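Keep in mind that what you see is a predicted model, and the values were worked out from it rather than measured. Values below: all heavy atoms of this structure, side chains included; hydrogens, waters and symmetry mates excluded. Whatever order the structure lists ligands and atoms in, that order sets their numbers, starting from 1.
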Amino acid sequence: MAEPYPGRQEDPEYAPLAGGAEPGERHRPAKAIFLAGLAVLLVVGVTIGFATHESPDSCTELNSSRLAPFREGGEGLRRPVPSEAVVELAPRGVKEGVSAKSNRIFAGAGVRGFPWNNSMLSWQRTAFHFQPEKNWMNDPNGPMYYKGWYHFFYQYNPGAAVWGNIVWGHAVSEDLIHWLHLPLAMVADQWYDINGVWSGSATVLPNGRVVMLYTGSSNESMQLQNLAYPANLSDPFLLDWVKHPGNPVLAPPPCVDKQDFRDPTTAWYTSGGKWRFAIGSKINNTGVSFVYETDDFENYQLLPGLLHAVPGTGMWECVDFFPVSDDGLDTSVNGPGVKHVMKMSLDEDRNDYYAIGTYDEEANTWVPDKPEIDVGIGIRYDYGLFYASKTFYDQNKRRRILWGWITESDSEAADVLKGWASLQGIPRTVVLDTKTGSNLLQWPVEEVESLRLSSKEFDRVVVKPGTVAPLHVGTATQMDIVAEFELDKQAIEATPEADAEYVCSTGGGASRRGALGPFGLLVLADDDLSEQTPVYFYVVKGSNGTLQTSICTDQSRSSVATDVNKQVYGSFIPVLEGEKLSLRILVDHSIVETFAQGGRSCITARVYPTKAIYGAARVFLFNNATEANVKASIKIWQMNSAFIRPYNPQ
Ligand code: DQQ
């Protein structure tokens, strides 16, 4: 396996920045961009084999022509810059070039809003998940480890609990659990990002310098890529950020819409001694990822071809691209035997998909190992709510860590009432599942275990068909649960083979009984089970006698309120010979995160009970199969709260 930065003698050079960008100072596009424009015409058309919506001639225009009106003396600079972005849109965000961000599905006529009171709404705030003190948050941005601190930036609306006026929030932590909220890192104060400082990624260079590439939505809602640096590298908190005077450094290539070019990845170092990063787009309805190359992070060349393209997947947001093994790898690691993960956030269905494949640096392509589960049509990071995620390599503990945005699934009106919206999932370590070769294993970072308090264990409990048993653990609103289940072998043998498949979303939830399922846990339940969120396995015996297992989270009875999402989430999950069925569930007020089979499949749900809250929240073990006993071993820890508070410079 090749080391990162092979054969490097010197650190790459880039000019330190003296101050913020003035609107009159503009960076000159490189001649390379012209070549890049031509390359896109030739290669994109051939690779994807479809007609663009623009005439082919338009593809021969200079990539840079889109920046020309904004260069010195250009009329773009004289156009008025809106003092604040418009947020009153339906749905919110589409006009600015991003899809709807807030959950408005329960705002329409015919849906009666539930009379939420303060005590119910206050309960929903989490105790050990990252969230700002108030207002709206979405994508994780620029995560990195720097001088002893984990840095976390995020898409943030400082003025409201709905999407809009996006800037970069910033927090630091020594352990990914306890956080200090810092002042905003970047605000929308330049023509090229006045409509929003959108998502981006950090690259920590081998000389310790930090490069932040991010998307700005310009005064004309064009998506432009920009560069920012820490003002003071000796400050471990990296409090001040400077936007490069030459911004924007990239405009959308001519063949893509000006609103379809966003979210640059962390850069990786090539054997040719240059840096590359990927960025998502779409051409007609084909999702694509372009790759740019640079040696100074100021001048870029669009490489011929596409890293990858999948017809029918639409706009790719927040592409992530990284090497993977059974251990964490630096983003620049490549070589024989190294697998690469391609992940994209599918704008059309708001889910994060990944696939494992091989990166050919010379050809600038990534090829999935299994085209039938290509990125966007196969495996998801999570089968509940989990979007716009991003990984980073933690050089401190030599692991790759995944952050994902967990949106609300109640009404926007309720978010406005409670004054905040969205969480970040518990950061997860990510390794290759070497047993299946096609999956990743995602697992809560080990630091979360430092919050474990007292525990209760239930060892090898036999649960008969049709049983619901309370697990007496005290308050059940902040828990870390690990559980293993074994289905009765005789019942499996006696169960006839059938053609039937089980699909969580249409399978009738945990109340629909089959011979070999459902069984699992009911979390956030009240004593009389009028509210409950079952997390369960469901096993069916296929026509060839093999067992097929699904893991599901059933929200249909999670709340008596009507204006919350009540889908049943879940997916089929590979269970290999000799493996027991295993679960880990983190419950933290309104979030339930499930990791099945060591993290081979994950489900994140946001639930909003009205009765099963505070001291009334319980946890139960259940087996709703008709034929099989289930043997369950369970350990449940009460979880402490994390310290997440504002930074006080004193
Ligand atoms: N969120 C950002 C965009 C990104 C989208 C805007 C994904 O950069 O594509 O807030 O949620």
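Within the 4.0 Å heavy-atom criterion, the part of Asn138 lying near ligand 1 is the side chain and not the backbone.
Which parts of ligand 1 touch Trp163 is read off a 4.0 Å heavy-atom cut-off, strictly below it: atoms 10 (O). Each of the atoms 3 (C), 4 (C), 8 (O), 9 (O) of ligand 1 lies under 4.0 Å from some heavy atom of Asp263. Counting the atoms of ligand 1 from 1 in the order shown, those under 4.0 Å from a heavy atom of Gln155 are 2 (C), 6 (C), 10 (O). Atom numbering of ligand 1 starts at 1 in the shown order; those under 4.0 Å from a heavy atom of Trp405 are 11 (O).
Each of Arg350, Lys390, Lys343 was checked for a salt bridge (charged side-chain N to carboxylate O under 4.0 Å, His left out) with Glu317, and the lone residue meeting it is Arg350. Screening Phe321, Tyr353, Trp366, Tyr359 against His308 for a ring-ring contact (aromatic ring centres under 6.0 Å, His included) leaves a single residue, Trp366.
The heavy-atom pair separating Glu133 from Pro646 by the smallest distance is OE2-CG, 3.5 Å. For the pair Ala278 and Val319, the tightest heavy-atom approach, listed with the atom from each and the gap, is CB-CG1, 4.3 Å.
In this structure, the ring of Tyr292 has its center less than 6.0 angstrom from the ring center of Phe277.
Under a 4.0 angstrom heavy-atom cut-off, Gln223 registers as lying outside contact with ligand 1.
Scanning the protein heavy atoms around atom 7 (C) of ligand 1, the nearest turns out to be Asp139 OD2, 3.1 Å.
A donor-acceptor contact shorter than 3.5 Å is absent between the side chain of Gln555 and the backbone of Tyr608.
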